[in-house]
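Side chains included, hydrogens not; waters and symmetry mates left out as well; all remaining heavy atoms used.
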Amino acid sequence: MEEPNKTPDPASPTQRAEQELPLGMRVAAAWSWRLIIIAAAVGGLIWGIVQVRIIVIPLLIAILLTALLNPVVDWFIRRGMPRWTGVVAALGVFVAALWVLIWLIVTQLRDGFGDFSKRSVEVWNEILDWVQHNTLGIPVDQLDDFMNQAMQLIENNQGTLWTGAMGVATTATQLVTGLLLTVFSLIFLLIDGKRIWYWVVGFAPARAHAAFDASGRAGWVSVGQYVRVQIFVAFVDAVGIGLGASILGVPFAIPIAILVFLGSFIPFLGAIVTGGLAAFIALVYNGPVTALIMLGVVVLVNQIEGHVLQPLVMGNAVRVHPLGVVLAVTTGTLLAGIPGALFAVPIAAAANAIVNVLAKRQWEDGDPAAAFHKKDQVHRAAKLRAKLAAKHARKGTIA
């Protein structure tokens, strides 16, 4: 005897509501809440980085310097020398290069600083005199009222200015702290960078160690290429502006070129400050016409850097599209100001290399972290046996 057909259970109200919605809307909703969670996680990460920026920024600077100096260390190791000799040599070359640049700036400016100050005061007085006898149709009384209002505003906001001065002092303290942290991080990354890297790899699941290691190494190569190309870009900026100053007869051409070279590592602000300084020196010594020409040279060099060197040369070196370089720098500036602009391109280059390795599955099977630690233990045991053998040999010689 056949059982009567069972009446299907009516769908719940929630299921009926979902069935009434179009498939496209349900897919869009599923994407939306997942994207919201991802955006919240990224925002929380950025907020956390901002809170500990006094640690993060020096560490990132140390990583960039390590990428620059590590080839020097490897050169010594390939010739059979101890690693510490390469580290000392790399740090010595870096410090010596900075010292030479600073020494050139100081020696070039020391003799002419007094004359520069005197001429600056004279130019300022000429500007004030021009303002008082201006031909712009602005009454002198109105200019005096404006100056008096500015002075009154300063007097009324002395407390705010004092607070700002304290903020500068705090920033100076943080600068010293960050500098020391950068130096210590650089030293330890040069000495023990590989062990630190495999310690980081160890936080990933064991089955992901190979992919983690291969992608990280690819990102590291991109960061090294970025640092070397950035030095080339800064050199081109320095030569262009320094040569322009020399042709125009502007004094202190060498210090100007060195300041441009150092300032080029700080995107946007460095170019503005050093270019403005070059134009001001031209104004003080050579007059307004030469100053305008000097300003034009600065703008031209910066345009070549921004539209040719950065997108094309930098983009080819780090294998990021020129549009990606421009967007990365702009986004980094909006999110984190000058540090964001400084680290945007290397982060984008590293991310691009990491994604390419992961997408193409360019890694070998196995656990590189476990292999490194095993090899490191064998090396440590061999060193310990060598020390013990040398100790016993000394005791035998003494006996």
Side-chain angles (χ1 to χ4, degrees), residues 28-67 167-168 170-182 184-186 189 196-197 199-205 208 211-212 215-227 230 265-272 306 310-311 314-315 318-359:
W31 272 99
S32 298
W33 69 260
R34 287 176 172 84
L35 290 176
I36 290 174
I37 292 177
I38 293 174
V42 172
L45 177 63
I46 294 175
W47 179 84
I49 291 175
V50 171
Q51 301 306 311
V52 293
R53 59 188 178 275
I54 193 174
I55 298 175
V56 174
I57 293 176
L59 181 59
L60 292 177
I61 294 175
I63 290 174
L64 294 180
L65 292 177
T66 303
V168 171
T170 304
T171 304
T173 303
Q174 293 178 351
L175 181 63
V176 174
T177 304
L179 179 61
L180 294 176
L181 184 58
T182 300
F184 280 110
S185 300
L186 174 61
L189 286 174
I196 294 173
W197 167 244
W199 173 75
V200 174
V201 172
F203 284 97
F212 198 105
S215 59
R217 287 178 177 274
W220 176 251
V221 171
S222 294
V223 171
Q225 292 174 342
Y226 161 79
V227 174
Q230 182 61 43
F265 290 94
I266 304 176
F268 304 118
L269 183 61
I272 293 173
Q310 285 286 357
M314 183 69 72
V318 300
R319 293 181 176 85
V320 178
H321 194 275
L323 179 60
V325 174
V326 174
L327 293 178
V329 173
T330 305
T331 303
T333 305
L334 292 175
L335 291 178
I338 296 175
L342 177 62
F343 301 120
V345 177
I347 290 175
N352 179 67
I354 289 171
V355 170
N356 287 336
V357 170
L358 295 177

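- For the pair Asn352 (side chain) and Ala348 (backbone), a donor-acceptor distance under 3.5 Å is absent.
- Between Tyr226 and Phe343 there is no side-chain heavy-atom pair separated by less than 4.5 Å.
- With contacts defined as side-chain heavy-atom distances shorter than 4.5 Å, the pair Ile46/Val42 qualifies.
- Note: Leu60 CG to Ile347 CD1 = 6.0 Å, rounded to the nearest 0.5 Å.
- Here the closest heavy-atom approach between residue Gly224 and residue Ala67 is recorded as CA-CB, 3.8 Å.
- Atom CD1 of Ile37 is separated from atom OG of Ser32 by 11.5 Å, given to the nearest 0.5 angstrom.
- Across Ala204 and Phe212, no two heavy atoms sit closer than the pair CB-CD1, 3.8 Å.
- Partners of Ile354 under the side chain to side chain contact (heavy atoms under 4.5 Å, CB included) rule, at least two apart in sequence or in another chain, are Ser215, Leu358.
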Enumerate, atom names and distances included, each donor-acceptor pair closer than 3.5 Å involving a side-chain atom of residues 48-59, sequence neighbours excluded.
from, atom 1, to, atom 2, distance (Å)
Arg53, NH1, Val50, O, 2.6

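- The distance from atom CD1 of Ile63 to atom CG of Leu186, rounded to the nearest 0.5 Å, is 11.0 Å.
- In terms of the side chain to side chain contact (heavy atoms under 4.5 Å, CB included) criterion, residue partners of Ala353 (sequence neighbours excluded) are, by chain and number, Ala218, Ser222.
- The side-chain heavy atoms of Leu179 and Phe184, taken from C-beta on, include no pair separated by under 4.5 Å.
- Distance check, rounded to the nearest 0.5 Å: CG of Leu64 to CG of Leu189 gives 11.0 Å.
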